[in-house]
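Notes for the one structure printed next.
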Amino acid sequence: MLMAAAMESPTAEARARSDASRIVHVEILHDMHAAEPVWRGFETEMLTPYQRFDFLAQWQMHVGAREGLQPCIVIAYDKDRQPLLLLPLASGQENGVRVARFMGGKHVTFNMALLRRDFAAAATSADLEALLQAIREHPAHIDILAFTRQPERWRDQPNPMAVLP
């Protein structure tokens with residue numbers, strides 16, 4: 001009788017964990033008020049003055065809508081349905097493609113996702129790839145993510161979005 005046993009090494013286990021994404025669900029909302037509860041929950045986390053719901057809701061109403069932009073708020077959740085990040089984006093047609101950019105346009109000094117601190121500190125390339133894949137596959141149909149003016153760090157925490165290709 002032939003028997004075999006597979007033993008997991010600590011190295012293999014660590015590699016498997018780093019290859020697995022904490023992001024298991026992504027939703028894209030086109031209504032500012034539908035995103036408000038999650039958004040306000042992030043206001044105690046890593047947040048720049050230009051990411052506040054009140055500021056960007058007013059910007060969308062008075063500037064974004066007039067420029068033909070639609071809210072395109074991306075929220076990524078973990079396995080327990082707890083939000084990990086929120087991308088406050090607005091999308092519009094440019095040269096025949098749908099482009100999503102951070103809300104605020106030229107009225108903000110830099111752009112960044114709203115991130116849960118523990119997620120920002122430990123985000124992996126697998127997390128970012130899961131996020132991008134979910135956005136690519138979403139029926140909202142975003143052709144281009146145009147992220148500009150990304151800080152590398154905010155309040156001594158890394159900005160994992162700053163390394164997106």
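For the atom pair S91 OG and I144 CD1, the distance stands at 12.0 Å (nearest 0.5 Å). To the nearest 0.5 Å, atom CD of residue Q93 and atom CG of residue L69 are 11.0 Å apart. Distance check, rounded to the nearest 0.5 Å: CG of L84 to NE2 of H25 gives 11.5 Å. In this structure, H62 NE2 and E67 CD are separated by 13.5 Å, a value rounded to the nearest 0.5 Å. The distance from atom CE of M61 to atom CD of Q58, rounded to the nearest 0.5 Å, is 4.0 Å. A distance of 11.5 Å separates NE2 of H141 from CD1 of I28, quoted to the nearest 0.5 Å.
A90 and W59 get closest at one heavy-atom pair: CB-CZ3, 4.3 Å. Smallest separation of non-hydrogen atoms from I73 and D31: CD1-O, 4.2 Å. Nearest heavy atoms, P88 versus L86: CD-O, 3.4 Å. What you find for P83 and I75 is that their closest heavy atoms are CB-CG2, 4.2 Å. Nearest heavy atom pair, residue S21 against residue A130, reads OG-CB, 3.3 Å. Across all their heavy atoms, D127 and A123 have their closest contact at OD2-CA, 3.4 Å.
Hydrophobic clustering of Ile, Leu, Val, Met, Phe, Trp and Tyr side chains at less than 4.5 Å, counting indirect connections, unites F42 with Y50. At a threshold of 4.5 Å between side-chain heavy atoms, the hydrophobic network of Ile, Leu, Val, Met, Phe, Trp and Tyr places V24 and L131 in two separate groups. Connection of L115 to L132 is established within a shared hydrophobic cluster, with ILVMFWY side chains joined at heavy-atom distances below 4.5 Å, either directly or through further cluster members.
A distance-only check finds a donor-acceptor pair linking the side chain of D78 to the backbone of D80 [under 3.5 Å]. Remark: the backbone N or O of R98 is paired with a side-chain donor or acceptor of D143 at under 3.5 angstrom. Counting only distance, with no hydrogens or angles, the side chain of W39 and the backbone of Q51 share a donor-acceptor pair below 3.5 Å.
In this structure the side chain of P71 never reaches within 4.5 angstrom of the side chain of L29, judged on heavy atoms. Considering only heavy atoms from C-beta on, V26 stays 4.5 Å or farther from H138 through its side chain. Contact check for L114 versus F53: no side-chain heavy atoms found under the 4.5 Å cut-off.
Within the cation-pi definition used here (under 6.0 Å to the ring centroid, within 45° of the axis), R81 qualifies as a partner of Y77.
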Test salt bridge (Lys or Arg N to Asp or Glu O under 4.0 Å) on R116 and D118; report intermediate values, then the result.
CA-CA 6 Å; R116 212 168 72 193; D118 64 324; 2.8 Å; yes

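Annotation: side-chain hydrogen bond (donor to acceptor under 3.5 Å, both in side chains) contacts of R101 (sequence neighbours excluded): E94.
Only one option out of L87, V99, L89 pairs with C72 in a side-chain contact (heavy atoms from CB on, under 4.5 Å); it is L89.
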